[in-house]
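Worksheet: the structure to be examined is printed underneath.
Proteins come first, then strands; the chains are lettered A, B, ... in the order of their sequence lines, and each starts at number 1. Small disclaimer: the values here were computed from a predicted structure and weren't measured.
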There are 2 protein chains.
Amino acid sequence: MNIKQLEVLRTLLATGSTIATAKAMGLSQSGVSRLLQQLEADLSMSLFVRDKGRLVPTPEALLLARHAENILLAVDRMSSHAEDLRSGAAGPEIVRVGLPSSMWEHFAPAMLADYIRDFPGVRIETFFETTTAINKLVEQRVIDFGFLRMEGESGSGIEVERVATGENVCVVPKDHPLAELEEITVKNLRDVPLILIGRQRPNRMALDQTFQRAGVKQIVKIETHTNSSACSYVAHGLGVTIISSFYANLYRHLPVVHRPFVPRTTQEFGLARAIGTPLSIAAHALSDALKRQIQLSQKCF
Amino acid sequence: MNIKQLEVLRTLLATGSTIATAKAMGLSQSGVSRLLQQLEADLSMSLFVRDKGRLVPTPEALLLARHAENILLAVDRMSSHAEDLRSGAAGPEIVRVGLPSSMWEHFAPAMLADYIRDFPGVRIETFFETTTAINKLVEQRVIDFGFLRMEGESGSGIEVERVATGENVCVVPKDHPLAELEEITVKNLRDVPLILIGRQRPNRMALDQTFQRAGVKQIVKIETHTNSSACSYVAHGLGVTIISSFYANLYRHLPVVHRPFVPRTTQEFGLARAIGTPLSIAAHALSDALKRQIQLSQKCF
DNA sequence: CGCAATATTATGCAGTTTTGTCATAAGTCT
DNA sequence: AGACTTATGACAAAACTGCATAATATTGCG
């Protein structure tokens, strides 16, 4: 296997033809064709089927392309790191962190603003992903650490430190009748339009079961995939949603209130990082900033 | 930059000498030396200082080695994933296949038993449906491929490969007077109780017409909807049925015999799959197992 | 409908480059 | 001196690369 071959795989999937790939990579078409054949021979599997003179990728090619992407990314990072080392005697240090998608809007900017006051020279790369994706990124050492919901087992070689907890709360518009209640049960939600997230994620499945057991049919108005959008929908009066209080606390500026949802369910959130490789000073400081920001967002109300 | 060069970097740091590295990597010492020089040239920095004839790593080398480690790990992951895909040991892969309802009893279990011997890790989902339903499932990409009777046009974006043929046969109990005949005509069936399937399916309508043209009135004792149940009824002496020899062959273990039905009519059966999306290796292997099973069920009698 | 024009991928060929080994030089330590 | 190291020149083998071109499919035009 060969770096150039992986590049061909990536570019070929992006462009769809050997000619465009050749142009993009500064090679001849025949070179690309050959490189691809070599890769297929090395992996002893066909990555593309030749259909009517065209190359159409097999499912395996799509699967393996993700690995190729990772490898090329790491290669790029190594090159640019070498570049930094060579030119500036002290190239900028880079910290890579994974965060839940819901944090891109307010949490991450605030955290970084806090951080760069102390570490102005550090470059930061943020990955906004789901819990499972962040787990993978840590496992593969793509990121230095990540914030995620702790559920069941974490990947091998990963250490998770609990830094926050939450419980399910029901988020309703400020002036909604339900806002009068101290806490909200399943039965209170009968005939109330719902905004739910994460179809077929474990969290969501448990919620569906709760409704089913209570004999309440869900009126799902909207399905979405981020906590932020769910709260935003609620703020616009499109319905009510049920999310972890941890996330709900991030959107306190919206005209919504949240009330405990019974049956009560708790979640734990933690910082995940690979074991065996200690965090750099800059990375450690960023994780501290993250914890500070969590305190800030959760404590004061 | 080059994967082999990165391997040299890693091994060199681990072993400390080019000779040990050469031994570990199955190269000559001079080869290792040159590989290292290439890497240093590519990165345009020196990774080791030549101190009194020894190679001692620079701090940069240690920094960059982390990247190299990452890259090599990712490469290994890609290789082993490829290996898994090739051998079918890949965990989360699912193959979805559509089969005629008549196959659930014997055919499908035998086929799967054959298949999972070679691909123990693949999850399989079977859909037992009619020809038209299977067509739709393929069209909507719900299943990877399906086995069906070829009739007229197939849906758009679907490619059907013929894998079997059959002709209408009359299935009669072993000791039935009709079993004496070489072949059975419509007229032979006058006043014989019939078991028919698939009311108002094209195949059935053609059969009805045949009877009508010959002026023979059908004595329909039972209407059913699967070939298997029809044969089962015949075996219990409830009448005779007319089905495709392809299906009749699947029930040779019953105490029935089948004789060609004149006027002769032939059917074709095929594997349908969406064009534009090649089958995964696991799916392709399952289609091979299906073909093998067809050979087995049809050939030996 | 037929036929040329324009795509696509694949492949034989030749020149060049890279790779790998051997033999050997040169330095260092005990 | 002898047992280690690494580096290098020579040379053969292998691989790479681009060119020209074949084989095939699609498309446009009359």
Side-chain angles (χ1 to χ4, degrees), chain A residues 1-58 60-62 65 68 72 75, chain B residues 1-58 60-62 65 68 72 75 156-159 161 274-278:
Chain A
M1 201 173 358
N2 197 322
I3 292 179
K4 197 172 284 189
Q5 292 166 6
L6 299 181
E7 249 172 312
V8 163
L9 174 59
R10 172 177 66 177
T11 317
L12 206 40
L13 283 172
T15 65
S17 89
T18 55
I19 294 183
T21 302
K23 216 168 289 179
M25 293 182 58
L27 289 176
S28 69
Q29 177 271 327
S30 56
V32 172
S33 178
R34 250 180 253 277
L35 246 7
L36 175 60
Q37 288 174 58
Q38 286 171 15
L39 181 59
E40 291 186 316
D42 285 353
L43 298 173
S44 31
M45 69 166 55
S46 59
L47 268 9
F48 292 78
V49 294
R50 280 66 176 169
D51 183 40
K52 302 187 212 282
R54 296 303 182 89
L55 290 174
V56 7
T58 63
E60 284 80 17
L62 300 176
L72 294 174
V75 169
Chain B
M1 199 172 3
N2 197 321
I3 291 180
K4 197 169 280 189
Q5 294 166 6
L6 299 181
E7 251 174 308
V8 164
L9 174 59
R10 170 175 66 175
T11 316
L12 206 40
L13 282 172
T15 65
S17 90
T18 55
I19 295 185
T21 301
K23 214 168 289 178
M25 292 181 57
L27 288 177
S28 69
Q29 178 272 326
S30 53
V32 171
S33 179
R34 274 235 300 262
L35 245 8
L36 175 59
Q37 289 174 58
Q38 285 172 15
L39 180 59
E40 291 185 314
D42 284 352
L43 299 174
S44 19
M45 70 168 47
S46 61
L47 268 8
F48 293 79
V49 292
R50 280 66 176 169
D51 183 39
K52 306 187 213 286
R54 295 302 181 93
L55 292 175
V56 332
T58 62
E60 289 81 14
L62 298 176
L72 293 173
V75 169
S156 72
I158 289 185
E159 186 183 60
E161 172 198 6
I275 59 180
T277 343

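Donor-acceptor pairing under 3.5 Å, judged by distance alone, is present between the side chain of A/Ser30 and the base of D/dC19. B/Arg34 contributes no side-chain N or O that forms a donor-acceptor pair with the base of D/dG9 under 3.5 Å. Not a single donor-acceptor contact under 3.5 angstrom links the side-chain atoms of B/Ser17 to the base of D/dC4. The base of D/dA7 lies outside donor-acceptor range of the side chain of B/Gln37, with no N or O pair under 3.5 Å.
Note: CD1 (A/Ile19) to P (D/dT26) measures 16 Å, nearest angstrom. Across the protein-nucleic acid pair, B/Phe48 atom CZ and D/dT5 atom P stand 15 Å apart, rounded to whole Å. Residue B/Asn2 contributes atom CG, which lies 19 Å from atom P of D/dA14 at whole-angstrom precision. D/dT6 atom C1' lies 11 Å from atom CG of B/Leu12, rounded to whole Å. Rounded to a whole Å, the CD atom of A/Glu40 is 15 Å from the C1' atom of C/dT11. Across the protein-nucleic acid pair, B/Lys23 atom NZ and C/dG20 atom C1' stand 18 Å apart, rounded to whole Å. Taking atom CG of residue B/Leu39 and atom P of nucleotide C/dT19, one finds them 12 Å apart after rounding to whole Å. Remark: P of C/dT8 and CG of A/Leu55 are 11 Å apart, rounded to the nearest angstrom.
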**OP:** Run the numbers on B/Glu40 and B/Arg34 for salt bridge (charged side-chain N to carboxylate O under 4.0 Å, His left out), then give the verdict.
**Re:** CA-CA 10 Å; B/Glu40 291 185 314; B/Arg34 274 235 300 262; over 6 Å; no
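In terms of modelled atom types and a separation under 3.5 Å, the side chain of A/Ser33 and the main chain of A/Gln29 share no donor-acceptor contact. The main-chain N or O of A/Val49 is never found under 3.5 Å from a side-chain atom of A/Ser46 such that the two would form a donor-acceptor pair. Judged by distance alone, with hydrogens and angles left aside, the side-chain atoms of A/Thr58 form a donor-acceptor pair with the main-chain N or O of A/Leu47 at under 3.5 Å.
Within 4.0 Å (heavy atoms only), A/Gly31 reaches no atom of the nucleic acid at all.
With C/dT8, C/dT11, D/dT17 as the candidates, the nucleotide lying closest to the side chain of A/Leu35 is D/dT17. Checking C/dT21, D/dA7, D/dG18 against the side-chain heavy atoms of A/Leu27 singles out D/dG18 as nearest.
In this model, the phosphate group of D/dA7 is approached by a side-chain N or O of B/Ser33 to a distance below 4.0 Å at OP1 or OP2. Dashed line: the shortest gap from a side-chain N or O of B/Lys4 to OP1 or OP2 of C/dG20 is under 4.0 Å.
For the residue pair B/Ser17 and B/Thr15, no side-chain donor N or O sits within less than 3.5 Å of a side-chain acceptor on the partner.
Positionally, the nearest nucleotide of DNA chain C for B/Gln38 lies more toward the 5' end than for the other of B/Gln29 and B/Gln38.
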